[in-house]
Amino acid sequence: MKIKALRKAILLACSSTLVSTMSYSALAEENNTEEVKKDVEKIAVVGTRSAPRSIADSPVPIDIIGGDDLEKHGSSDMLELLVSQVPSFNVRQQPISDAATLIRPVNLRGLSSDSTLVLVNGKRRHRASVIAFQGGGVNDGAQGPDISVIPSIALKQVEVLRDGAAAQYGSDAIAGVMNFVLKDSAEGGSITVKYGEYFEGDGDTTTIEGNIGMPFTDDGFANLSFALKNADATSRSVQRPDAGGLADAGNTYINDPAQVWGNPEIEDDLSVFGNVGLDLGNDKEFYMFGNYSERDATGGFYYRNPHNRSNVYSNDDGETLLIGDIGQANGGPRTCAVVPANVPNVLDTQAYKDMVADPNCFSMNMIFPGGYTPQFAGNIVDTSLTMGVEGEISGGWLDEVYFDLSGSVGRNAADFYLYNSLNPSLGLDTPVDFDTGKYIQLEKTFNFDLVKSLEVGLDDPLNLAGGFEFREESFEIVSGEEASWKAGPYADQGFNIGSHGFKGFGPESQGTNTRRNWAAYVDAEAYLTESLLLGAALRYEDYNTFGDTANYKLTLQYAISDDWQIRGSTSTGFRAPTVGQANVVNTATSLVGGELIQSFLAPPTDPLSAFYGGKELTPEESTSYALGTVYEYDDFFLTVDYYNIEVTDRIAQSSQITVREEDYAELRSLGVQNPELISAVTYFANDFDTTTQGVDIVANYSADLLNGATKFALAYNWNETTVDAFNPATTSDGKVKRLEEGMPQHRATFTITQNWDDISMFVRANYFGEYFAVHADDDCLDGCWNEIADSSFTFDAEVSYFINESFKAAVGANNIFDQEAQKLPTASYGVLGAKYYESGPYDYNGGFYYVKLSYMF
């Protein structure tokens, strides 16, 4: 197998998506239309270590999304772009969700974001440092890569392998694999400016994207891309009744709305990607690619009521203010009087005024008399670099063996900040803005792969592949500033410790944890007859923490005729617990049963977690089965695939476990500090077993209609998850229901694309089936904010005009008819200051329009 032939196949794959400065009709004028159609056969690199093959000839289902398809959306966020193209891919907005607001988790085939392996140019992408502590049920505790940093303008195509592939690629490939292929042109480029906003007049978004291809000596290329985005926050809020009541009672310090449900503000979201290749001669090539990405995001938290927020404003009974006594903190007797809080406006009561007049007494009302809503912010910096050499070995027993030797390093750092909050235990000396600390994820990967084609008397050569991989993954916690975690002099009087809403990481949490593993694999693929393709893969992996694992995969494809094929696969898989999941520490505020509680996330082996059932994490294990068919005739293409994925020992963040008063003494003896100020504890656990099954249908039809080129595309997914077993001590019935019904079982998109000489357009219909809608953090079933939400449609449309060969203008809209998200029930409407359930499958912000101008050179 010649490396040049392999490159040619890859180039065909990457050029097949017709990313061009010319319209389809203009291309057709220069080339025979039938020839163009033949040349645009989509070729995939992912899913096989044989020569790249047509997706119709692949024994496993693969979606190819071209660069032009990624442009057909108003958003510049890669997550939203993929949702509109892959029905089994889901992502939702994450308001008031701690770190999940900064890096949104995703789902493929109903599994968590860290069950999908992400590749860039075929190389493993590092995961984000952010862990989704409030991930909407299925993603609670997930730690996947940050796909959103990848700008669409940098991509030639995206390959989505919808099949378990742990035996080929290792951990995290239970649901499938996504491979982002970077552009590699040595000439030309483009610049695009896009502006958009929601129909309600907020969320203004400006994006500038650019790409340029340059020669790198006479035998190589350097392709560079960038994207810069700024987006204003949105609000789909109403005034909370409790805040409105305080304002009506004369409290003039109340904001309207006091609490905001909406998208965070994104500032200076910059992402730069580079891709370099150099022909070294003798069928060998050097390659290098990487990125630098940084952004600042700021979102809201829950409102703290100045009358009854326990451990800040009130005592545990909620009837009296929590009054700090300076003399008592200095060892003297307590002299401050009781101040009733169960009144319309405590600021007007004589008892409160007398307390303020006493220099020995204070309350948090003296800093924030109208209560406060913390603002959670983060600075995310993501960097990566991959370098390698690939080519063909000549001579000896390794003659005509293809090799690939590479090394990668990836780092994601999230620095957290909390504004408009306080550390109550410091009393009136508390600051109101905090640097709460940092998470850092660092990964290093080294690969050596070999591929050899052997003539063994079959219709085609037998393709053999093998290789080794070494990975090192570390997760580091950097402590925040002292005021963000310190237990001040008033902690013993019941005041909360640390920055309220997101406690800073203290010195006891600081440190780096590292894990190493190595793997060896072998796979084979061959046509036993002209019609029958068989493949097998075996992978052994050993971790220095929890041991080893071996996994296999078998694939089959049989051509019934030239037009009709059937395919199937079976495989085992695994997902190793991340180092972050095993060691992360976090304190956050959750809304459970209508009450704000302070919950502490501790490592599963921490004394507090262990006391309430925590154990050392073990890998998830999976068994997958798939059966499908492919039909291709002339301009019609259809695939139907059934899948069944059984996962045991799935890892997730436990539900909140109440820290009981009768346990305080024993917890103190175990070294737990101030257990009386911890309402609940959570930890990561191998909590449940699930079976996920579904059907994917993809159909495309092209025709010459309306004096132009027309394409019809349908993609449908049915997905059903059943929880087979769970631990009732750590997983509530409500969480089980969210896992089983929290996402629509039925999703579909239908797109019509039309191209003329100077004008192109598309219309897309998106269908979302019924789902279990949940608001806030509640995992309960009765007396909470949840219901079965109705099915719905949204529609997207865009019209583009080619001004000339260099300029293109476009105008479009997502959710063009402004379909509302599921509203909260009338009885609950506004109780939390929200209009809509925040767990919906599409953007609750409503319709979004945009305009963009592109210059191509």
Side-chain angles (χ1 to χ4, degrees), residues 42 44 47 55-65 82-91 106-112 115-116 138 159-165 173-178 553-558 560 563-571 573 622-633 636-647 690-701 712-724 739-751 764-772 791-793 841-842:
K42 293 183 176 180
I55 60 174
D57 294 328
S58 172
V60 290
I62 299 175
D63 295 317
I64 301 291
I65 306 166
L82 292 173
V83 165
S84 66
Q85 300 288 337
V86 184
S88 59
F89 184 85
N90 291 275
V91 66
V106 302
N107 311 104
L108 183 67
R109 287 186 160 182
L111 298 177
S112 61
S115 293
T116 299
V138 67
E159 303 167 356
V160 183
L161 169 63
R162 294 179 276 111
D163 196 56
I174 288 178
V177 180
M178 304 182 73
K553 182 171 184 175
L554 301 174
T555 59
L556 172 150
Q557 184 173 49
Y558 181 72
I560 298 174
D563 306 321
W564 184 21
Q565 305 179 59
I566 59 172
R567 61 191 179 189
S569 68
T570 180
S571 64
S622 68
T623 304
S624 301
Y625 307 92
L627 181 65
T629 185
V630 180
Y631 181 76
E632 185 176 23
Y633 180 75
F636 179 72
F637 179 78
L638 171 69
T639 66
V640 180
D641 293 279
Y642 168 80
Y643 56 89
N644 185 292
I645 309 169
E646 297 178 2
V647 186
T690 62
T691 298
T692 299
Q693 62 176 337
V695 173
D696 290 324
I697 299 175
V698 177
N700 295 284
Y701 177 68
F712 302 91
L714 170 69
Y716 164 81
N717 171 253
W718 165 67
N719 190 88
E720 179 182 79
T721 295
T722 302
V723 176
D724 303 317
L739 289 167
E740 294 184 330
E741 303 179 32
M743 292 181 293
Q745 290 188 356
H746 300 276
R747 273 278 323 275
T749 64
F750 179 65
T751 306
R764 179 189 300 117
N766 309 284
Y767 173 75
F768 306 89
E770 293 182 348
Y771 65 96
F772 181 53
S791 59
S792 57
F793 284 92
Y842 60 93

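Side chains included, hydrogens not; waters and symmetry mates left out as well; all remaining heavy atoms used.
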Do Asn717 and Arg162 pass the side-chain contact (heavy atoms from CB on, under 4.5 Å) test, and can you show the C-alpha distance, the side-chain angles, and the key distance before you say yes or no?
CA-CA 11 Å; Asn717 171 253; Arg162 294 179 276 111; over 6 Å; no
side-chain contact (heavy atoms from CB on, under 4.5 Å) assessment of Val86 paired with Ile65:
CA-CA 9 Å; Val86 184; Ile65 306 166; 3.5 Å; yes
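Under the ring-ring contact (aromatic ring centres under 6.0 Å, His included) criterion, Tyr643 pairs with no residue at all, not counting sequence neighbours. Residues passing the side-chain contact (heavy atoms from CB on, under 4.5 Å) test with Asn90 are Asn107, Met743, Arg747, sequence neighbours excluded. Looking at residues two or more places apart in sequence or on another chain, you find a side-chain contact (heavy atoms from CB on, under 4.5 Å) between Thr116 and Leu108, Ala175, Met178. Annotation: side-chain contact (heavy atoms from CB on, under 4.5 Å) contacts of Asp724 (sequence neighbours excluded): Asp689, Thr691, Thr722. The side-chain hydrogen bond (donor to acceptor under 3.5 Å, both in side chains) search around Tyr716 returns His746, not counting sequence neighbours. In this structure Arg109 satisfies the salt bridge (charged side-chain N to carboxylate O under 4.0 Å, His left out) test together with Asp696, sequence neighbours excluded.
Note that the CG atom of Leu556 and the OG1 atom of Thr570 stand 11.5 Å from one another [nearest 0.5 Å]. Rounding to the nearest 0.5 angstrom, the gap separating the OH atom in Tyr631 from the CG atom in Leu638 is 9.5 Å. Put simply, CG on Leu739 and CZ on Phe772 are 11.0 Å apart, with the number rounded to the nearest 0.5 Å. Once rounded to the nearest 0.5 Å, the distance linking OG1 of Thr623 with CG of Asn644 reads 9.5 Å. In this structure, CZ in Arg764 is found 4.5 Å from OG1 in Thr751, a value given to the nearest 0.5 Å. In this structure, Phe89 CZ and Asp63 CG are separated by 12.0 Å, a value rounded to the nearest 0.5 Å.
Phe712 and Phe750 have parallel rings, their planes meeting at less than 30° on a 0 to 90° scale where 60° marks the start of perpendicular. Ring geometry for Tyr701 against Phe636 counts as tilted: the plane angle lies between 30° and 60°, on a 0 to 90° scale.
Taking both residues in full, the closest heavy atoms of Val723 and Glu740 are given as N-OE2, 2.9 Å, listed atom of the first, atom of the second, then distance. Here the shortest heavy-atom pairing between Ser791 and Tyr767 reads CB-OH, 3.5 Å. Smallest separation of non-hydrogen atoms from Tyr771 and Pro744: CB-N, 3.7 Å. In plain terms, the two heavy atoms of Arg567 and Ser58 that are nearest each other are NH1-O, 3.2 Å. The minimum heavy-atom distance between Tyr633 and Asp563, with the atom names listed, is CD1-OD2, 3.6 Å.
Taking the side chain as every heavy atom from C-beta outward, Ile174 and Ile645 approach each other to under 4.5 Å. Counting heavy atoms from C-beta outward, Gln85 and Val160 have side chains that stay 4.5 Å or more apart. Between Glu159 and Ile64, some side-chain heavy-atom pair lies under the 4.5 Å cut-off.
Using a 3.5 Å distance cut-off with no hydrogens or angles, the side chains of Ser569 and Thr555 do not pair a donor with an acceptor.
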